[in-house]
Number of protein chains: 2
Amino acid sequence: MTSVPPIDKPIPSRRESAAQDKITRILNAALELFAERGFHGTAVPEVAKRAGVGAGTIYRYFEHKEDLVNAVFRSSKSKLKSYLLESVNLESDIKPLFHQFWQNLVKFALENPIDFRFLELQDHIPYLDTESKNTELEVLAPIWVICMRSQRQGASDNLSAEALMAMIWGAFVGLMKAHVLGYTTVNEDTLKKAEEICWQMINSQVHQ
Amino acid sequence: MTSVPPIDKPIPSRRESAAQDKITRILNAALELFAERGFHGTAVPEVAKRAGVGAGTIYRYFEHKEDLVNAVFRSSKSKLKSYLLESVNLESDIKPLFHQFWQNLVKFALENPIDFRFLELQDHIPYLDTESKNTELEVLAPIWVICMRSQRQGASDNLSAEALMAMIWGAFVGLMKAHVLGYTTVNEDTLKKAEEICWQMINSQVHQ
DNA sequence: TGAATAAGCATGAACATTCATTCTTTTAAA
DNA sequence: TTTAAAAGAATGAATGTTCATGCTTATTCA
């Protein structure tokens, strides 16, 4: 009795899985260093060293340093996206929708602090390619929907949905940053109160 | 009738004022480039070129590139400090105190967008020296006092003053960032509504 | 007062180092 | 045995920093 070979899932050869492993290690090393020192502050051979590969190996998988940072960016961004879309039903009422969004965001930031820090780095923008930039909007869909609906429900002279969204996102980022810098300690309790405050920001638009 | 020569204010020689002018031009050029491309992304000869001086001239006034960025940092930070302390009386009630703080912050960000951007870039930067890092706290005194007092007036299980402060600061930064990136337009009206929202963040601590 | 000299500053080409990228050699899978 | 991948030394461009030179300002002295 012989097993049927799978059609669309060829067993990866030893070589292929080793290559996949190398790519993963390179991306992880690059993420750590870019998050810590920024793009220009990170040398490619350093990435290689931390990944445990030769410098030349990086160039087998990534054409330039910019390719590498874009790959890291897309990886982190899609990780964020999958967290933020988890268990989200855009048809729900905005209160539970916001609660779910907040939980997802907190989970992402706590489980992936390095990705979070990397994504919040300012000096990205110039070297990101079009594809990387385009992912921005999909990621924020849940919070955008929330702000949009809160704005429509309220008075006509409300703050724009985009501005409200930016403030909520900024407040969360500010909180995490303060935590990282040691200005305050962020624990479960802090995050619950912060959620309440951010929810009030949204809710104040509905009931002025 | 001869004018009395001032004692403690010697008239700067032509040389001295030329030197002062050069330092100013170097600091301005460095600020612009660092704000735009970050520390590692900026070449010293570029700074010299934009300042209209020779590359070597920079090294007459600043020992290293790191000295330069620290000087720029201190300059921007002290500018921010003077804005934030303007017309502030720490004994006032927190509502007018917050209003004054917000106005000062808005004024600074609008009149000095490049300084604002630069200061937000330099987050947890390994190349800032101790003196640069220490200025942080004095600058935030007004908003810290506000958050501290709102926290004391309210219930005992409030969000910490530091966390609240971080969220308000973050919300403002998020708003300005969204403006710069073109996600939304920030005008006088937006800022007024944003102020109201941030005030509610504080006020919610007092009246839960 | 004004020419002559000294002192110090600014310059930018040159130097040394760092770093992205290439390439030859070595290693290992097929 | 063939072929492809990995390694890391080599390469060349970029960049922080220095330094010999020319120039400007200040001072001296006729």
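Treat the numbers as computed from the prediction; the structure is a model and nothing was measured. Order of the sequence lines fixes the chain letters, A, B, ..., with proteins taken first and strands second; residue numbering starts at 1 for each chain.
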What integer distance in Å separates [X]:[atom1] from [N]:[atom2]?
| X | N | atom1 | atom2 | value |
| --- | --- | --- | --- | --- |
| A/Phe62 | C/dT22 | CZ | P | 15 Å |
| A/Asp67 | C/dA20 | CG | P | 14 Å |
| A/Gln20 | D/dA6 | CD | P | 12 Å |
| A/His40 | D/dT15 | NE2 | C1' | 13 Å |
| B/Ile58 | D/dT18 | CD1 | C1' | 14 Å |
| B/Arg25 | C/dC9 | CZ | C1' | 14 Å |
| B/Arg60 | D/dC19 | CZ | C1' | 11 Å |
| B/Glu66 | D/dG16 | CD | P | 12 Å |

Hey, are [X] and [Y] close enough for a salt bridge, meaning a charged N less than 4.0 Å from a carboxylate O?
| X | Y | result |
| --- | --- | --- |
| A/Glu86 | A/Lys107 | no |
| B/Lys177 | A/Glu120 | yes |
| B/Arg37 | B/Glu46 | yes |

Phosphate contact ([N] OP1 or OP2) by [X] side-chain N/O below 4.0 Å:
| X | N | value |
| --- | --- | --- |
| A/Tyr61 | D/dA6 | yes |
| A/Lys22 | D/dA6 | yes |
| A/His64 | C/dA20 | no |

Completion exercise
With the side chain defined as heavy atoms from C-beta on, B/Tyr59 is closest, among D/dT18, C/dT11, C/dT21, to D/dT18
Handout entry: A/Thr57 side chain, from C-beta outward: closest of D/dA6, C/dA10, C/dT21
Key =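 Taking heavy atoms from C-beta onward, the closest nucleotide is D/dA6.
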Practice task
Answer with yes or no after comparing the ring centroid distance for B/Phe172 and B/Phe116 against a 6.0 Å cut-off, counting only values under it.
Solution key: yes
Exercise for the section: Have a look at B/Thr42 and say if it touches a base, only the backbone sugar-phosphate, or nothing, with a 4.0 Å heavy-atom cut-off. Expected result: sugar-phosphate
Practice task
Remember a base hit wins even if backbone is also touched, and classify A/Ala43 as base, sugar-phosphate or nothing at under 4.0 Å, heavy atoms.
Solution key: sugar-phosphate
Completion exercise
When A/Asp93, A/Leu97, A/Leu90 are each screened for side-chain contact (heavy atoms from CB on, under 4.5 Å) with A/Ile146, the one that passes is A/Leu97
